[in-house]
Amino acid sequence: MSTDTTAAPGRADAPEGVEDAPPFRYSAALAGEIERRWQDRWEQEGTFHTPNPSGPWADPEALGGAKFYLLDMFPYPSGAGLHVGHPLGFIGTDVLGRYLRMNGRTVLHAMGFDAFGLPAEQYAVQTGTHPRTTTEENIGRYKAQLRRLGLAHDERRSVATTDVEFYRWTQWIFLQIFNSWYDEKRQKARPVVELEAEFAQDKRRTPDGRGWCELTGAEQRAVIDSYRLAYISEAPVNWCPGLGTVLANEEVTADGRSERGNFPVFRRNLKQWMMRITAYADRLVADLDRLDWPDSVKSMQRNWIGRSEGAQVRFPVVGVDAPIEVFTTRPDTLFGATYMVLAPEHPLVDAITPEQWPAGVDERWTGGAATPAGAVAEYRLAASRKSELDRQENKEKTGVFTGAFATNPVNGGQIPVFVADYVLMGYGTGAIMAVPAQDQRDWDFATSFGLPIVRTVQPSEGWDGEAFTGEGPAVNSANDEVSLNGLGVAEAKRAIIDWLAARGHGESVVQYKLRDWLFSRQRYWGEPFPIVWDEDGPVALSERELPVELPEIEDYSPKTYDPDDADTEPEPPLSRAADWVRYDAGHARETNTMPQWAGSCWYYLRYLDPENHERFVDPEVERYWLGRDESRPGDPGGVDLYVGGVEHAVLHLLYARFWHKVLFDLGHVSSEEPFRRLFNQGYIQAFAYTDARGTYVQAEEVVEDEDGRFTWNGQPVRREYGKMGKSLKNVVTPDEMCERYGADTFRLYEMSTGPMDVSRPWSTRDVVGSQRFLQRVWRNLVDERTGAVRVTDAEPDADTLRALNRAVAGVHDDYAALHYNTAAAKLIELNNHLTKVYGGTGVPRSVAEPLVLMMAPLTPHVAEELWARLGHDGTLAYGPFPVADERYLVAETVEYPIQVNGKVRSRVSVPADAGTDDVQAAALADEKVVAALAGKEPRKLIVVPGRLVNVVV
RNA sequence: GCCCCCGUAGGCCAACCGGCAGAGCCCGCGGAUUCAAAAUCCGUCCAGUGUGGGUUCGAAUCCCACCGGGGGCACCA
């Protein structure tokens, strides 16, 4: 994709001008030759094959050091190939993996592909090419691009979600979920056969109270089906006509459009597969505390799950059987509830609406309608016509009176019931008690409808706002039996909940924003469900019938529609494969497919044991790589380090945690969480330039003049900063960088530009710095004209030993902390020292060897090459990594800066083992200090050992 | 509107628990090499840490406010 760009200066293959370069200079051409050779050798020798405790790769002997499971987020192999931003994280994990391996750790590092998905399918729709063909081509290209970077993956463990042998196990996991229910009492998933047994033995009551045997077979099935963790529901879902599929809540943006394609999304009642992730809401929140994850991601997950504690309170309505149930997080403000609101879709609205307006009704409340029913109908119609966006942009409160009054259980007050769309059916009970004094939304509504406002929390001194949501003592909150007055918010909540519960008016409950996960899609290129249908519902296939393979079909497209046409029906492409759909005389296959997230929910388990055809992963292998570490209290187990972008904070990471917990509950894995430690890498960003018409111009042809203005072909252009992308004409590819500088230089450059978690701009111009460093190292060890090794057997001098050991000590910490930029700086510093001292004579072997070993994680190819040239036969991939000699870490003398009143005025050198008194004496004897004191006694004298002296006068 | 993160030389970034603002790379400048250039090599310039206050003997580091940038959430009762 970048082959058509103009040739850049200094290309390795440029025939002109490089003829007089020394023949053994570390040029891009030489680097390329070295890199190809070592990549071949690693592959031939299986250098990075990682043993398992059992199974085909069992080698318990080889599992010497502590294990480390290192994981990159599952890439999608797009048709566009990689740009230089993509491998940033992959290189970062590779550096760590290589470092750990050299230090004796047993490292598992593999790379696979999340290969189902829309782009291959859309390409198939356009061209008729089977998505598998496109997918396999793309995977092939990705693998070639990644191989060129010298990543130390165990290539035997590579999987793709589209492999039949992989999706067979995805289907198997689906069956486990389908065949399970959530036991609230034990707080875990259990097989549905155990649920059936409980019903059959009358240990559990049926929904309508009849005995289990009195139910028909179909009724029994319906009861069991309603408990399953994967179930069919006819409920409002996100229907996207433009894509022709339904979407999960997580795939819909805040303004009601599809994350992919940006098409409008409508709420429609449709029969779809759901996953009961809400059963795990509590554990998904609670276990975040046991994970070593960035706070931002934890808070996004907490936010998304939206756990809130509160109370459910029942408000009786005169003349109606069913009370209105509300959820509130502020039951302490119940005495201040002056009206109620139902969501427009609330099922009780029709039941409570009387025939006539009550006498003397406020005309603001009626919406101008003659009857309550008329007003409600009109309001509902208007509300249903508003899009999500309208509702958000227009925050003015609207609503209409139902004509009904409810009774406030705490004081018997008759309060009016409204319908208003600021209350959402999808959250809580779809009804609220409105407390305008303590809720700004209610305040806004109350003021525009002339409703009373009663303060029940005393606002703080000097409060001049409207609704007061802060902490304060309760007021106006007492009846004959209970008084909250004077209590703080938390105490008042407890007191009123106790009272409500004792009277049967309510109880404390926990609400979640999290909804169940919509799990079916109307697509071709996804995993088929291992499900067939009879007239009573879905039936699971047996494990022996797996895999259920995708049938060949003529037309891969789902039926798509006018993106704005909400009144359309999804039609999955598989429904047109008539022969395949017909399973037998009484059964038809499920024609939806699974969403793309399915495969990425468990791929990290398959890397562990990809050749296992009996199980999705062998339990012993799983326990070895992911098991809980008993030495760490509360450790949930899981991958030791998971590196990827923050964009998966909610979707993938939440779904994968959910599946993992189900598998844990059912005893299939020993770990409670999939990813023990998560690290969000930064992004590589890039500048893009537009001309006067706003069209993007080729970024690498833009030049900057001395005044800092940017021009392209002489025309001024505007610079913007952001993503790298084909349409922005600023893509730089790793292949291009390997070509021009070599993979090692490219790796080193990416790792040098900042710590792993920081985003930074790409700058091709800067890459040369990394290449120069490698050239200098090479030149220090290899004669550029003859290719002979230049190291000597001389003893290094004391300065050099100190420089070396300082570098060794520092580099250990930097690698372990993922601060590769500072590790690289220390290596450069050491090499600069060697150049200065030994540039003319050759570097002592005892310094050259550790330098090469320390470089190996960052620049493995050139390090292997130098290691071999230094006379070693085998690979350095397994170390040993140098260890610092403490003796050389302490200097003989220490130079103390002497501050006078916090400003550095002088310096003194003292022996490193000098005591505080000696340092103090040396400082006071210094002539500049004597001058500053001018005969006076210092007021205070601070000596920080090893650091400095501060004299206060 | 609410919450989180980040502001250090021209650019990218260092600075452990508060202790000399600088490790490294690029750019710029000067020089060596060259017929010249590229490449390479050597040398060198550059900020007082977004702004204002506070704590401290001492603040890039801790606290408060503001400004700027990035991200998340957004009628969730």
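Since we're looking at a predicted model, the values are computed, not measured. We name chains A, B, ... by the order of the sequence lines, and we start the count at 1 in each one.
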Inset, instruction - Please report, rounded to the nearest Å, how far the P atom of B:A77 is from the CG atom of A:D421. - result: 18 Å

Inset, instruction - Establish, with yes or no, whether the OP1 or OP2 oxygen of B:C13 is under 4.0 angstrom from a side-chain nitrogen or oxygen of A:R760. - result: no

Legend entry - A:R765 with A:E700: basic N within carboxylate O range, under 4.0 Å: no

Inset, instruction - Round to the nearest Å and state the distance from A:M756 atom CE to B:C13 atom P. - result: 14 Å

Inset, instruction - Name the closest nucleotide to the A:T822 side chain, picking from B:U40, B:A14, B:C73. - result: B:A14

Legend entry - Main-chain N/O of A:I277 paired with A:D516 side-chain donor or acceptor, under 3.5 Å: yes

Inset, instruction - Name the pairing partner of B:A23, where a pair is Watson-Crick or G-U wobble with both distances under 3.5 Å, or state none. - result: none

Inset, instruction - Using a 4.0 Å heavy-atom cut-off across all strands, classify A:Q775 as base, sugar-phosphate, or nothing. - result: sugar-phosphate

Inset, instruction - Return the set of residues passing ring-ring contact (aromatic ring centres under 6.0 Å, His included) with A:W443 (not counting sequence neighbours), or none when no residue passes. - result: none

Legend entry - Basic-acidic side-chain contact under 4.0 Å: A:R302, A:D289: yes

Inset, instruction - For A:A343, check side-chain contact (heavy atoms from CB on, under 4.5 Å) against everything at least two apart and list the hits. - result: A:E345, A:V423, A:M425

Legend entry - Whole-angstrom distance between B:G71 and B:G24, as gauged at atom C1': 29 Å

Within the sub-3.5 Å range, which N or O atoms of nucleotides 3-9 of chain B have a protein N or O partner, and how far apart are they?
none

Legend entry - Where the chi angle of B:G54 falls, syn if within 90° of 0 and anti if not: anti

Inset, instruction - Please determine, for the side chain of A:V758, which listed nucleotide (B:C13, B:A39, B:A77) has the closest atom? - result: B:C13

Inset, instruction - Starting from C1' on B:G24, measure out to CE on A:M855 and report it in whole angstrom. - result: 14 Å

Inset, instruction - Output every pair passing salt bridge (Lys or Arg N to Asp or Glu O under 4.0 Å) with a member in residues 819-841 of chain A, not counting sequence neighbours, ordered by first then second residue. - result: A:D814-A:K826

Legend entry - ring-ring contact (aromatic ring centres under 6.0 Å, His included) partners for A:H812, two or more places apart: A:Y99, A:F881

Legend entry - Nearest listed nucleotide, side chain of A:T753, among B:C41, B:C73, B:C12: B:C12

Legend entry - salt bridge (Lys or Arg N to Asp or Glu O under 4.0 Å) contacts touching residues 766-787 of chain A (sequence neighbours left out): A:R25-A:E784, A:R779-A:E784, A:D783-A:R785

Legend entry - Base partner of B:G68, which must satisfy Watson-Crick or wobble distances under 3.5 Å: B:C6

Inset, instruction - Give the rounded distance in Å between these two atoms: CG of A:D439 and C1' of B:C2. - result: 14 Å

Legend entry - Test ring-ring contact (aromatic ring centres under 6.0 Å, His included) applied to A:F445 - qualifying residues, sequence neighbours left out: A:Y339, A:F418, A:Y422, A:F449

Legend entry - Toward the 5' end of RNA chain B, by each residue's nearest nucleotide, A:Q771 or A:T429: A:Q771

Legend entry - For atom NZ of A:K836 and atom P of B:A23, their distance in whole Å: 11 Å

Inset, instruction - Write down the distance between CG (A:D332) and C1' (B:A77), rounded to a whole number of angstrom. - result: 13 Å

Inset, instruction - State which residues pass side-chain contact (heavy atoms from CB on, under 4.5 Å) with A:L651; sequence neighbours excluded, sorted by chain then number. - result: A:E250, A:E251, A:E259, A:W597, A:Y655

Nucleotide N/O to protein N/O under 3.5 Å, stretch nucleotides 54-62 of chain B:
| unit_1 | atom_1 | unit_2 | atom_2 | d |
| --- | --- | --- | --- | --- |
| B:C57 | O2 | A:N950 | ND2 | 2.4 |

Inset, instruction - Please tell me which of the listed nucleotides, B:A23, B:A77, B:C41, lies nearest to the side chain of A:R779? - result: B:C41

Inset, instruction - Report the residue (A:P761 or A:V650) whose heavy-atom-nearest nucleotide on RNA chain B is the more 5′ of the two. - result: A:P761

Inset, instruction - Quickly work out the A:W443 CH2 to B:A77 C1' distance and round it to whole Å. - result: 18 Å

Contacts under 3.5 Å, N or O only, protein and nucleotides 25-34 of chain B:
| unit_1 | atom_1 | unit_2 | atom_2 | d |
| --- | --- | --- | --- | --- |
| B:C26 | OP1 | A:R772 | NH1 | 2.5 |
| B:C26 | O2' | A:D766 | OD1 | 2.4 |

Legend entry - Contacts of type side-chain contact (heavy atoms from CB on, under 4.5 Å), residue A:S752, not counting sequence neighbours: A:L748, A:S770, A:A824

Inset, instruction - Can you sort out the partners of A:V943 under side-chain contact (heavy atoms from CB on, under 4.5 Å), two or more places apart, ordered by chain and number? - result: A:T916, A:V919, A:Q920, A:V949

Inset, instruction - If B:A15 has a Watson-Crick or G-U wobble mate with both distances under 3.5 Å, name it; if not, just say none. - result: none

Inset, instruction - Please report, rounded to the nearest Å, how far the P atom of B:G24 is from the CG atom of A:L858. - result: 17 Å

Inset, instruction - Take the angle between the ring planes of A:Y689 and A:F710 and call it parallel below 30°, perpendicular above 60°, tilted in between. - result: tilted

